[in-house]
Amino acid sequence: MISDGSYKKRNLVFLLCAFFLLLSCTTKTSEKNPVIYKGSINMNAASPWGEIYPLKGDWEFSWGNLYSPNTGYVASGQYFPVPGIWRDYSPEFTLQGHGSYRLNIHKTPEQRNLAIYVPRIPGVYSVYFGKRIIFANGINGTNRFDTEFLAHPNSQIYLLDSLDTELIVNVSNYRGNFLKGGIRNPFLIGDIDSLKLKVVREIIWETLLVAIIFSVGLYHLIFFASYRKDLVPLFFSLFCFLVAFYSFVTSGLQYVLTPELTLDLRIRMEYFCEACLVPSVYMILRTMYPKQFGAKWMAILMSTMFIFVLSVFVLGEEELIYLYSFFMHVPPFYSLILLAILGYAWWQKEDRARTVFLSGIILAISMLNDVIWGLYEVYFLMPYSFPAALVGFIAFNSYIISLRFTKDLEKVETFAELQSKYNEQLRLNAEEKAKYATLVDQSMDKGFHSLIDQLESKESSDKSLSKLKNELSQTLSGVRDILDLMHHQGGKEELVEDEMRKFVLKNPLFSHSEIQTVSQFLRIDECLQVQRIFSDAVKIGARRSGESKIFWGKEGDSILLRLQATGVVETKEEPSTLLEADLKVRAEKLGARFFLLSEPGKFEFELRLHS
């Protein structure tokens with residue numbers, strides 16, 4: 001059995017490490033960044049060895065023009081901040097469009113290892129060092145039909161081999177997220193070894209993050225498979241898998257592993273994950289606190305989220321982008337409702353509701369931070385706080401699930417002790433019942449047989465004495481039935497179907513018999529009568545040398561027992577008249593009809609009971 005303490009500690013430590021790993025995964029940049037002035041930056045005063053600088057500032061921007069080595073750059077005299085999206089530059093810049101950015105970079109001969117890091121930005125873009133193209137994820141076009149996405153290059157770092165370099169970036173956002181046209185993420189400049197180290201570090205952190213969250217989900221799924229009494233680990237494992245996939249989709253790791261995945265499909269995967277996050281959290285909370293989250297209106301409200309999930313598969317690329325931008329306003333509303341009801345569960349003093357509520361507050365605030373960034377390009381917390389908060393949410397709630405498991409174990413141990421005491425009491429009761437049944441059997445047997453012997457010694461022509469003798473025999477048979485039921489420890493099937501199957505196994509001539517399980521439709525005393533009738537019928541005429549068959553099962557509204565046998569009778573253990581009389585009495589007790597045909601070469605018996 002898993003140790004309670006080790007389970008909780010391992011879960012908490014294992015998941016908290018992922019949270020701190022993500023927090024530590026931030027790129028350090030120098031506070032004394034070189035200044036960009038009107039599309040030009042001078043690196044002469046900078047010490048790039050071991051340092052990385054973001055190329056933030058005003059770049060020259062030419063709207064509606066694309067650079068090519070043949071035609072050159074069309075100067076516009078307009079400068080706009082980078083990172084930035086052109087919908088914020090000027091009202092004349094449409095959501096879908098194309099343009100080119102230019103930045104002149106000057107360095108000294110000593111800065112031989114100076115390199116540029118090209119970020120991932122929305123749409124189709126290409127990067128030039130002067131007339132030499134160094135990076136392109138597709139073909140830039142002036143409309144949707146001319147623009148084509150091909151694949152994301154794995155290399156993002158390029159050495160500056162000239163003292164004066166003209167950095168030019170063409171952007172066409174007719175494909176992908178056209179609401180973010182421009183350069184959303186900063187280009188970086190610095191020592192090439194530092195930039196390579198940064199890329200490697202990011203890949204390591206992102207791989208660890210995805211692997212850890214996926215492992216946590218797999219761990220809880222295996223835990224649920226071995227302990228299925230609680231559905232929380234199942235829903236929590238599905239939530240972890242969803243977060244792991246979301247972390248992969250929103251990371252740079254996806255560009256390395258799936259460089260040819262289309263921009264449209266990337267957006268659909270990200271949208272799908274975000275649309276499923278709130279319902280998955282709701283399923284966990286509904287299982288943990290059914291009293292508060294089990295209301296019908298809550299289920300109807302949360303089911304509306306599947307409208308957005310369905311839109312991932314049915315809408316076109318442009319329609320999906322517009323709906324996605326609207327959807328960004330929806331999760332905070334749903335989260336507010338979940339938090340309000342969770343606070344109500346805390347007020348009602350539900351187990352661990354306070355801890356879940358506080359972790360939910362952190363998750364909701366971080367979600368709001370990323371939503372505001374997605375809508376207005378503004379952070380009020382650290383960048384990418386939502387993935388970090390997701391990891392923290394997973395860590396705390398995994399710890400809570402371990403506490404639920406510990407509590408269940410304590411209940412199981414208590415139940416096991418009670419079950420052991422109950423079983424011991426059942427054993428003692430069974431022994432007492434068997435003891436008294438034996439005493440009753442012995443005393444009744446002696447008493448009834450003594451009376452029957454006295455009646456047989458009387459004048460046999462006296463009909464009243466003969467009738468009394470038959471009634472005493474029937475009474476003795478009934479008492480024996482009661483005593484047999486007192487001794488019986490099994491169920492109805494053991495009395496009827498198991499006895500028939502044992503008989504078939506011992507008699508190969510009955511191998512084609514059909515025995516259905518229908519004893520559940522009868523009372524246990526009726527099952528005993530059927531067993532006795534079957535035994536009497538077999539003794540009367542079923543033991544023959546020819547092919548035989550038994551049918552026991554449902555036929556219409558009745559339960560039917562049919563025995564058919566052919567051939568010569570092999571043995572005759574008891575006088576058939578006595579058995580037929582007993583059979584008749586038992587059939588009357590059941591209120592059943594029976595048919596009996598016993599000839600030298602053929603035997604048929606049929607008993608029909610109303611179910």
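Bear in mind that the values here come from a model prediction, so they are computed numbers and not experimental data.
For the salt bridge (Lys or Arg N to Asp or Glu O under 4.0 Å) test, no residue two or more places apart in sequence or in another chain qualifies with Arg266. In this structure Phe293 satisfies the ring-ring contact (aromatic ring centres under 6.0 Å, His included) test with no other residue, sequence neighbours excluded. Taking Glu318 as the reference, Arg144 meet the salt bridge (Lys or Arg N to Asp or Glu O under 4.0 Å) condition, with sequence neighbours excluded. With sequence neighbours left out, the ring-ring contact (aromatic ring centres under 6.0 Å, His included) criterion links Phe135 to Tyr125. Under the ring-ring contact (aromatic ring centres under 6.0 Å, His included) criterion, Tyr271 pairs with Tyr324, Phe327, sequence neighbours left out. Looking at residues two or more places apart in sequence or on another chain, you find a ring-ring contact (aromatic ring centres under 6.0 Å, His included) between Tyr255 and His152. Take Asp58 and apply the salt bridge (Lys or Arg N to Asp or Glu O under 4.0 Å) test, not counting sequence neighbours, and it matches no residue. Residues satisfying the salt bridge (Lys or Arg N to Asp or Glu O under 4.0 Å) criterion with Arg102, sequence neighbours excluded, are Glu60, Glu166. The side-chain contact (heavy atoms from CB on, under 4.5 Å) check on Asp164 picks up His106, with sequence neighbours excluded. Applying the side-chain contact (heavy atoms from CB on, under 4.5 Å) test to Ser251 and every residue at least two apart in sequence or in another chain returns Glu206, Leu253.
Ring-plane geometry between Tyr174 and His98 is classed as tilted, the angle between the planes lying from 30 to 60 degrees on a 0 to 90 degree scale. Ring-plane geometry between Trp86 and Trp63 is classed as perpendicular, the angle between the planes exceeding 60 degrees on a 0 to 90 degree scale with a lower cut at 30. Note on ring orientation: taking the six-membered ring where Trp is involved, the planes of Phe241 and Phe214 are tilted (angle from 30° to 60°).
With values rounded to the nearest 0.5 angstrom, Asn177 atom CG is found 8.5 Å from Ser325 atom OG. Note: Leu195 CG to Lys198 NZ = 7.5 Å, rounded to the nearest 0.5 Å. Note that CG of Leu197 and CD1 of Ile52 are 7.5 Å apart. Values are rounded to the nearest 0.5 Å.
Here side-chain hydrogen bond (donor to acceptor under 3.5 Å, both in side chains) pairs that include residues 69-79, with residues two or more places apart or in two chains, are Ser68-Thr71. A salt bridge (Lys or Arg N to Asp or Glu O under 4.0 Å) check over residues 153-162, counting only residues at least two apart or in different chains, returns the pairs Arg132-Asp161.
Here the options are Val124, Asp264, Thr262, the test is side chain to side chain contact (heavy atoms under 4.5 Å, CB included), and the partner is Arg175; only Val124 passes.
Of all heavy-atom pairs spanning Phe245 and Cys273, the tightest one is CD2-SG, 3.2 Å. Nearest heavy-atom pair, Gly176 versus Ile267, reported as atom, atom and distance to 0.1 Å: C-CD1, 3.5 Å. Across all their heavy atoms, Thr147 and Thr142 have their closest contact at OG1-N, 4.4 Å. Scanning both residues, Tyr334 and Thr304, for their nearest heavy atoms gives OH-OG1, 2.6 Å.
In this structure the side chain of Ser100 never reaches within 4.5 angstrom of the side chain of Val74, judged on heavy atoms. Between Leu234 and Ser237 there is a side-chain heavy-atom pair separated by less than 4.5 Å. Between Tyr53 and Phe187 the shortest side-chain heavy-atom distance does not fall below 4.5 Å. When side chains are defined from C-beta on, Leu163 counts as touching Pro109, because their heavy atoms get closer than 4.5 Å. For the pair Trp59 and Leu167, the minimum side-chain heavy-atom distance is below 4.5 Å. For the pair Pro279/Met305, a side-chain contact is recorded, criterion being any heavy-atom separation below 4.5 Å from C-beta on. In this structure the side chain of Leu238 never reaches within 4.5 angstrom of the side chain of Leu221, judged on heavy atoms. Residues Phe239 and Met283 fail the side-chain proximity criterion, which asks for heavy atoms closer than 4.5 Å.
With hydrogens and angles ignored, the 3.5 Å screen pairs no side-chain donor or acceptor of Asn143 with any backbone N or O of Gly97.
Under the 6.0 Å cut-off for aromatic ring centres, Phe61 and Phe93 qualify, their centroids lying closer than that.
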